[in-house]
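Data block below; observations after.
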Amino acid sequence: MGRRKVAAAASQTPPRGSSKAGGGVISEIREKHKLELENLTLTKHPFRTLRSGLHTFVLYLGPHIALFTIKAVQCGRIDLKTAPYDTIQLKQGPSWLDKKCSDFGPPVYQASAHSVRIPVFELLPQVQLEAVLWGIGTALGELPPYFISRAARLSGSEPEAVKELDAAASDVHGPIASTLNRTKRWLLSHSQHLNFITILILASVPNPLFDLAGIMCGQFCIPFWEFFFATLIGKAIIKTHIQTLLIISLCNNQLLYLMEKELIWIFGHIPGFSASLPSVIAKLHSAKDKYLSTPTSATSSSKMEDTQWNFSFTLVWNTVVWLVLVNFFIKIVTSTAQEYLKKQQDIEMELITDSSPQTASCKYSPHETILLAKALADDIKYRLDEIRGAKDPTCLASNLTPENHWRIAQRAEAVEAESGERADMAAAESNVEFIRARSDKREYRRAAACMEVGVGSFSDPEGLEGLAHFLEHMLFYASEKYPGEQDYTKYITEHGGSCNAYTSSETTNFYFDVNVANFEEALDRFAQFFIKPLMSQEAVLREIKAVDSGSWETLETKPKERGLDIRQELLKFYENYSANLMHLVVYGKESLDCIQSFVERLFSDIKNTDQRSFKCPSQPLSEQHMQLVIKAIPISEGDYLKISWPVTPNIHFYKEGWAMNLSAGEGSDSAQYSFFSISMRLTDAGHEHMEDIIGLVFKYILLLKENGIHEWIFDELVAINETEFHYQDKVHPISYVTDTVSTMRLFPPEEWLGGASLPSKYAPNRINMILDELSAERVRILWESKKFKGSTDSVEPWYSTAYSVENVTPSMIQQWIQKAPTEKLCIPKPNIFIPKDLSLKEAHEKVKFPAILRKTPLSRLWYKPDMLFSTPKVHIIIDFHCPLTSHSPEAVISTSLFVDLLADYLNAYAYDAQIAGLFYSIYRTSAGFQVSVGGYNDKMRILLDAIMKHISNFEVKPNRFCALKETAVKDYQNFKFSQPYSQASYYLSLILEDQKWPLAEKLEALSKLEPDSLAKFMPHLLSKTFLECYIHGNIEPNEATSIVQEIEDTIFNTPNSVFKSMSPSQYLIKRVIMLENELKCYHQIEGLNQKNENSSVVQYIQVHLDDALSNIKLQLFALIASQPAFNQLRTVEQLGYIAGLSLRSDCGVWALEVVIQSTVKDPSHLDARIDEFFKMFESKIHELSDKDFKRNVKSLVDSKLEKFKNLWEESHFYWGEIEAGTLKFDRVESEVALLRELKKEEFIEFFDQHIRVGAPQRKTVSVQVFGGEHLAEFKKAIAEADTPKTYRITDIFGFKRSRPLYRSLKGGPGRITMD
């Protein structure tokens, strides 16, 4: 894009010989009228012809009022019209115009000394209808330029009106025209500050400036209804009546009489003029009487002339009207055609861009416009320097209103233009230029915002711990502008978005995302959090009960004992929410000017009370808090060790470079202090050697001090971080805004988008300073183990954790260092995985979906080149299909431990790969195990080859086997400490899935597993194997093929390989049981940890096997019902902190799932309340208006059309279709097409058939886990007899054997087969 200046163009000097003196003003007025006539007759741009207010007033309304008033004065009466709308029409004039006064009857108003005067407000009603209709018409005339200008702004182009004014400055000369143009230009450049009142004032005052109303308001994205209502009221009511009253007063002789009196008084005081004044007045009265006298009978000749005149007037008027209408139609057709052609051109350009090779340093990515906003006390005006690299984020700040100054920045993925010149832009009211990225043509369907407030839990008043977090919850309820409870959440959810918040020690962050079409209204609701929230007494009490454990005591019971009203304390605490402590990030598709406009308008009412956020003055720990070992007893199984030192915070020296090496272990809840920590999970043997572990840690710190942190290590880290920064993956807007806002409080503006990503220099002194802080004198050790039972002497007050504190002196640590082993301690070697080749591979043909590139009896390769992101990365999935992996609990456990051992063996080798941007994972699946690798393609094959060789040469190492088995046993045992809703979800999966073994049986099998039995099992497991491969990204087809061939050779063709091919008949599929129509099954069970007071219910409503039409109906219901379900079950009924309705898919079987976890009610009661919600919601579905139905459909469509943000999202979607066997790569397009054709009646019928309580095809399972608080209710529930159409599941596996299974999605037409 080129340079764009929002500034008035300088007027050119008049050419030599032009005359502008003397009569110049008169000639200028004549020239102005000539230009206006040209505009009216379609010789200029469409904006002027669409706005015909001035022209129609001169040609129609003004003459009509004047003629009617003169006629009324002549005849002395006002009842002249034969109809309410008796005016100039297309083929005839008004009926009263040609009539004699005698035709109306004798005068009602008698003449005064010189004329008849009729009261103004008696004449006004006679012409009021025509005047108001004219005003409405002129207001409507502003709509086309408004929408055209808004569309131009959103597309990033400059409105034609601005260009014309620039040209007009050189074409039209003289004080009037130039002043008008300068004024209009100024209005255009300041219109972002318009609001309802200013628009109303401008529309109400007769002036030649407001003919730019539509352009100005559209250009700066003034909300439509605000613009239209202000214009309508101003033009159709206020301005109309001002002009009408003026003309009536003039033609009614009242204004003339007033002027006459004033002139007589003035001239009477002029010497020499008073003597001749009476004769002048007499002549004027004579002329006026002649003008206003009742006309005599006209001759036939005069009648003919009148008729000709009227005919000519009508003809001219009709001609003008039809020309305007025809031009209006032509412009609409032309504009529509141009928009269509532009879209087609954009599509073609996108195809060209996608298919053309790009260098690593020139990445075309979508334009991202965000606002980084911060309320300040002083004017802001500075330029933010660019950050290096292909993704060159640039920012711009300009001074705005003195009340709230918003820092504005445009974040773009900057690239060099084809001409080699960088596009730049000038900000309104400043000369600051910044780099603007070239944008691609992909549409945005998601917008987001995040507000960080510098008030967190550190600001809690003493004795009111948790108040900051509680306030965060309360702001979601309601506001003065939107008083409906949960109105904000409801609006966000209904328009395809999500919202949340969190409270940290120093800040509270609120954030949301939503479909772009609804962003401005969502942002308005969001802004009310910080302007005028409502926190009613009832809502406060309800939320205290709903918020997590402990709130009732800390925020209700204890404050009451101290005589405190918690609502008043909450309102007092809210006063800390001051604009000077806030940072806002806004991410949208609109232009910078447009977003700036509505951010200023929506957030400008936030009060700035100049508050100070709480800051810890220094390290909170004193010497007495160091040199300690804290022994604590955890709830779950497992031993953990954490070694910590207080250190200088990273942020203090983020540009020096030392933090790059140490930040991995640094963590803090404040910018004022920090801790460097090393955490590990211990085996039982590790617990016995804790002193040796501490000694090894300090030994390595000494090694670093002696050898120093070499500069080549720093250079490696710099290279890694620069590569990561320049090729970072695009993330979802909601993630982007939350990440960005966190940097604003910590970094100067030029670093907001980069933070400490790019260190500037090597600083060994700083590194050594931190190493010195990692001393024995400053250490704190947290050691957790159940082995400490009976040896602790203290109890922590909040969670009743038992612990004890012991001193550990430097001399003790020195002894541990001396006896610690010394082998294998060394400085890291150079990282072989740092990518060097970041070039992009050329895609020889455009591939939309994955395709099978290679197929053998051993493997199948799905391949898709990167066509969207132009990034030097690749994602590879190798799925090992081993049908013997899940035929028994022993097989499942053995496969799991095999996978754990593989990851353990690779840990040391692959650490460098992960540092360099290559990730990998190995995990068990229901049909075998899967290897997934991703990252830069340059060194990917080195990592993949190492993984495959470890798999091919696998052996069981007894020492590692025992350590991992011990950990696995503890993990299984810890399941009983999981939350009740997690336990309920586990039982539900156990009921539904055909091949799933209970945890108790797997734990028993694990306890019996030995190294030799695993070694014997592995050849048996791998003797039947098939590889399903997927390669996607910056890789050519021949390379993808060679990778899979190499894997086959490594796995199957090496000497002594245990891997053998699998026959098609052995292909393992996973299936789900089919529940019975109109039968509600329920499974009731005690929670595994009766010390947990919570109970939970999961109600599962099974609906259908994967089908596009049924999918969209169920998804639409979930979209409509999720927020009301949360509001009713959690907020209104206060059943539990965890409550929600969501979709669930098991092996392609779609269902609804409602989850509640509660201490206040038992699961049976919770399940009944879920049924009552569905009964209540039935009427909502049946009464759903067409408007609401279409709105929800559009919201779901917008959500589905959201583009993939990065390679991994796209890859996981396509792999999901392959793994499931559906191969519906065009799922989004097909479901969107069906959604757009969906009828409300079809949706309601679907609800009535499958979801409503009592529906003929409703299939339900309710899993109820009873916690320690509801043990009595459990005993009562299991003793009750089953009611009709219900079935109690007491034997899960017997129940599963009695039910049929859904067919597998694998196999069948168009699906995966092994043949």
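Hydrogens, waters and symmetry mates are skipped; everything else that's a heavy atom, side chains included, is used. These numbers come from a predicted model, not from an experiment.
The salt bridge (charged side-chain N to carboxylate O under 4.0 Å, His left out) test with Glu1217 is passed by exactly one of Lys864, Arg1227, Lys1224: Arg1227.
Side chain of Asp904 to main chain of Asp900: no donor-acceptor pair is present (N/O by atom type, distance under 3.5 Å, no hydrogens or angles). Under the 3.5 Å distance criterion, the side-chain polar atoms of Lys730 are left unmatched by any main-chain donor or acceptor of Asn1206. Checking side-chain atoms of Lys642 against main-chain N and O of Trp783 turns up no donor-acceptor pair under 3.5 Å. Remark: side-chain polar atoms of Asp938 are paired, donor with acceptor, to backbone N or O of Lys836 under 3.5 angstrom. Using a distance-only test at 3.5 Å, with no hydrogens or angles considered, no donor-acceptor pair links the side chain of Glu1036 to the main chain of Lys841. Formation of a donor-acceptor pair under 3.5 Å by the Glu1046 side chain with backbone atoms of Ile1043 is not found in this model. Side-chain atoms of Lys873 come within 3.5 Å of backbone atoms of Tyr727 as a donor-acceptor pair (strictly under, hydrogens ignored). A donor-acceptor contact shorter than 3.5 Å links the side chain of Lys939 to the backbone of Ile832. Under a 3.5 Å cut-off, the side chain of Ser1057 and the backbone N or O of Thr1054 do not form any donor-acceptor pair. Looking at Lys855, its side chain never comes within 3.5 Å of a backbone N or O of Leu861 through a donor-acceptor pair.
For the residue pair Glu1010/Ser1013, the side-chain donor-acceptor check at 3.5 Å is not satisfied.
Around NZ of Lys787, the count of heavy atoms belonging to other residues, nucleotides or ligands within 6.0 Å exceeds 12. Within 6.0 Å of NZ in Lys1296 there are more than 12 heavy atoms belonging to other residues, nucleotides or ligands. Within 6.0 Å of atom NZ in Lys786, more than 12 heavy atoms from other residues, nucleotides or ligands are found, so the atom counts as buried in its surroundings. In this structure, Phe1293 places its CZ atom where more than 12 heavy-atom neighbours from other residues, nucleotides or ligands lie under 6.0 Å away. More than 12 heavy atoms of other residues, nucleotides or ligands shown are found within 6.0 angstrom of NE2 on His687.
Within the 4.5 Å cutoff, the side chain of Ser932 has no heavy atoms near those of the Tyr920 side chain. No side-chain heavy atom of Arg1071 sits under 4.5 Å from any side-chain heavy atom of Tyr1302. In this structure, the side chains of Glu890 and Leu1009 stay at 4.5 Å or more apart for every pair of heavy atoms. Inter-residue side-chain proximity for Leu858 and Phe1026 is flagged as unmet; no heavy-atom pair is nearer than 4.5 Å. For the pair Ser952/Phe954, no side-chain contact is recorded, criterion being any heavy-atom separation below 4.5 Å from C-beta on. The shortest side-chain heavy-atom distance between Tyr1030 and Ile878 does not fall under the 4.5 Å cut-off. Inter-residue side-chain proximity for Ile720 and Asn831 is flagged as met; some heavy-atom pair is nearer than 4.5 Å. Two residues are said to be in side-chain contact when any heavy atoms from C-beta on lie closer than 4.5 Å; Val933 and Phe919 fail this criterion.
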Carefully, step by step, assess Asp1146 and Arg1144 under the rule salt bridge (charged side-chain N to carboxylate O under 4.0 Å, His left out). CA-CA 7 Å; Asp1146 299 88; Arg1144 174 171 174 150; 2.9 Å; yes

For side chain to side chain contact (heavy atoms under 4.5 Å, CB included), just list the numbers for Gln983 and Leu1088, CA-CA rounded to whole Å, side-chain angles, deciding distance to a tenth of an Å, and then say yes or no. CA-CA 8 Å; Gln983 297 179 27; Leu1088 297 176; 3.5 Å; yes

In sequence, state the C-alpha distance, the side-chain angles, and the governing distance for Leu1027 and Phe1052, and then conclude on side chain to side chain contact (heavy atoms under 4.5 Å, CB included). CA-CA 11 Å; Leu1027 305 182; Phe1052 293 100; 3.8 Å; yes

Please report the C-alpha distance between Thr1041 and Arg854 in whole Å, then the side-chain angles of each, then the deciding distance to 0.1 Å, and finally whether the side-chain hydrogen bond (donor to acceptor under 3.5 Å, both in side chains) criterion is met. CA-CA 7 Å; Thr1041 302; Arg854 180 182 185 272; 5.9 Å; no

Residues Lys970, Asp684; criterion side chain to side chain contact (heavy atoms under 4.5 Å, CB included); working and verdict: CA-CA 11 Å; Lys970 291 178 180 178; Asp684 289 344; 2.9 Å; yes

Can Asp692 and Lys699 be said to form a salt bridge (charged side-chain N to carboxylate O under 4.0 Å, His left out), step by step? CA-CA 10 Å; Asp692 292 335; Lys699 224 168 203 180; over 6 Å; no

Determine whether Glu691 and Lys819 satisfy the following criterion, salt bridge (charged side-chain N to carboxylate O under 4.0 Å, His left out), listing intermediate values before the conclusion. CA-CA 9 Å; Glu691 294 177 359; Lys819 70 173 186 176; 2.7 Å; yes

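Closest approach of Thr683 and Ala963 over heavy atoms only: CG2-CB, 4.0 Å. Between Ser785 and Asp639, the closest heavy-atom pair is OG-OD1, 3.0 Å. Minimum heavy-atom separation, Trp997 to Val892: CD1-CG2, 3.7 Å. For the pair Pro872 and Leu838, the tightest heavy-atom approach, listed with the atom from each and the gap, is CB-O, 3.6 Å.
For the pair Lys957 and Tyr905, the cation sits on the ring face: its NZ or CZ lies under 6.0 Å from the ring centre, inside 45° of the axis.
A salt bridge links Arg681 with Asp971: at least one charged nitrogen is closer than 4.0 Å to a carboxylate oxygen.
With ring centers used as reference points, Phe898 lies under 6.0 Å from Phe929. Taking the ring centroids of His1032 and Trp862, they lie at or beyond the 6.0 Å cut-off. Note: Phe869 and Trp1208 fail the aromatic proximity criterion, with ring centroids not under 6.0 Å apart. Less than 6.0 angstrom separates the ring centroid of Phe1204 from the ring centroid of Phe1213. Separation of the Tyr986 and Phe975 ring centroids falls under the 6.0 Å cut-off.
Relative orientation of the His1212 and His875 rings is perpendicular, given thresholds of 30° and 60° on the angle between their planes.
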